[in-house]
Amino acid sequence: MFTIAHFAINADDLPATRRFYENVFGWRFSAWGPPDFYQIRAPGGDDPIGALQHRRELLSGQRTVGYECTIAVPDADPVAAAVRAAGGRVVMDRTTIAGVGDLMFFADPSGNVAGAMRYDRTAE
């Protein structure tokens, strides 16, 4: 399981982005608040861990692009396969960071980039 305090995913295509995260990580979505806003819950969890919302401009003339987080996973390779199968793309193949673990980066269907890390302090 992973731990993230809060994050927001800004998306142009909410249905495709929602399906992507449902298929890759098993996240659950529920409508909440304004139109085109969903709370995200982890499988088996009741508390929201983040939000999916329609892309917006927080700064005039600059679309909010992406979010930054790394999701803890038991193995990066199956995540890469799931990303491809769900319509995303791998933007950095798995690499080992000594003393940290295996990291890969992917993009979802809306172009948001995130990392998936198998944490392992003994990694070389």
Side-chain angles (χ1 to χ4, degrees):
M1 191 57 63
F2 55 90
T3 303
I4 300 173
H6 181 78
F7 61 91
I9 301 169
N10 292 278
D12 298 312
D13 186 342
L14 289 168
T17 304
R18 178 180 172 170
R19 282 190 307 273
F20 175 84
Y21 286 101
E22 287 170 336
N23 290 328
V24 174
F25 296 111
W27 291 350
R28 297 176 294 125
F29 295 79
S30 57
W32 186 86
D36 295 330
F37 186 93
Y38 298 88
Q39 288 186 329
I40 302 169
R41 288 179 172 72
D46 292 327
D47 294 331
I49 60 168
L52 172 66
Q53 60 196 17
H54 195 272
R55 193 173 309 279
R56 59 191 174 164
E57 290 184 9
L58 294 174
L59 301 172
S60 181
Q62 289 187 302
R63 294 172 26 157
T64 302
V65 183
Y67 65 101
E68 186 175 331
C69 73
T70 299
I71 300 161
V73 298
D75 187 341
D77 291 331
V79 171
V83 163
R84 290 181 181 105
R89 63 187 173 90
V90 173
V91 297
M92 186 185 89
D93 289 321
R94 178 182 46 82
T95 187
T96 300
I97 301 171
V100 180
D102 297 325
L103 173 67
M104 57 84 65
F105 281 96
F106 63 89
D108 70 19
S110 289
N112 297 303
V113 176
M117 170 77 81
R118 179 190 66 87
Y119 290 94
D120 179 2
R121 293 183 184 192
T122 66
E124 297 179 10

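Everything quoted here is computed from the prediction, not taken from an experiment.
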Distance check, rounded to the nearest 0.5 Å: [X] atom [atom1] versus [Y] atom [atom2]?
| X | Y | atom1 | atom2 | result |
| --- | --- | --- | --- | --- |
| Ile9 | His54 | CD1 | NE2 | 14.5 Å |
| Phe105 | Thr95 | CZ | OG1 | 10.5 Å |
| Ile49 | Cys69 | CD1 | SG | 8.5 Å |

Would you check if Phe29 and Thr17 make a side-chain contact, meaning some heavy-atom pair closer than 4.5 Å?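 No, every pair of side-chain atoms sits at 4.5 Å or beyond.
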Pairs touching residues 16-33 that satisfy salt bridge (Lys or Arg N to Asp or Glu O under 4.0 Å), sequence neighbours left out: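 Only Arg18-Glu22 qualify under salt bridge (Lys or Arg N to Asp or Glu O under 4.0 Å).
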Please collect all salt bridge (Lys or Arg N to Asp or Glu O under 4.0 Å) contacts where either partner lies in residues 114-124, sequence neighbours excluded, each pair once.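 Found Asp102-Arg118, Arg118-Asp120.
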Which residues pass the side chain to side chain donor-acceptor pair (under 3.5 Å) test with Asp36, sequence neighbours left out?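 Expected list: none.
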Heavy-atom pair of closest approach, residues [X] and [Y]:
| X | Y | result |
| --- | --- | --- |
| Ala11 | Leu52 | CB-CD1, 4.0 Å |
| Ala76 | Ala116 | CB-O, 4.4 Å |
| Phe37 | Ala51 | CZ-CB, 3.5 Å |
| Pro43 | Phe25 | CG-O, 3.5 Å |

Contact list for residues 42-53, test side-chain hydrogen bond (donor to acceptor under 3.5 Å, both in side chains), sequence neighbours left out: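 Residue pairs with at least one partner in residues 42-53: Asn10-Gln53.
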Salt bridge (Lys or Arg N to Asp or Glu O under 4.0 Å) with Asp13: which residues, sequence neighbours excluded?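 Listed in chain order: nothing, the list is empty.
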Check against side-chain contact (heavy atoms from CB on, under 4.5 Å), Phe106 and Phe20: CA-CA 12 Å; Phe106 63 89; Phe20 175 84; 3.9 Å; yes
Assess whether side-chain contact (heavy atoms from CB on, under 4.5 Å) is satisfied between Tyr21 and Ile40, documenting all intermediate values. CA-CA 10 Å; Tyr21 286 101; Ile40 302 169; over 6 Å; no
For residues 77-89, run the donor-acceptor check on the side chains, cut-off 3.5 Å, and write out each pair with its distance to 0.1 Å, sequence neighbours left out.
residue: Asp77; atom: OD1; partner: Arg94; partner atom: NE; Å: 2.8
residue: Asp77; atom: OD2; partner: Arg94; partner atom: NE; Å: 3.3

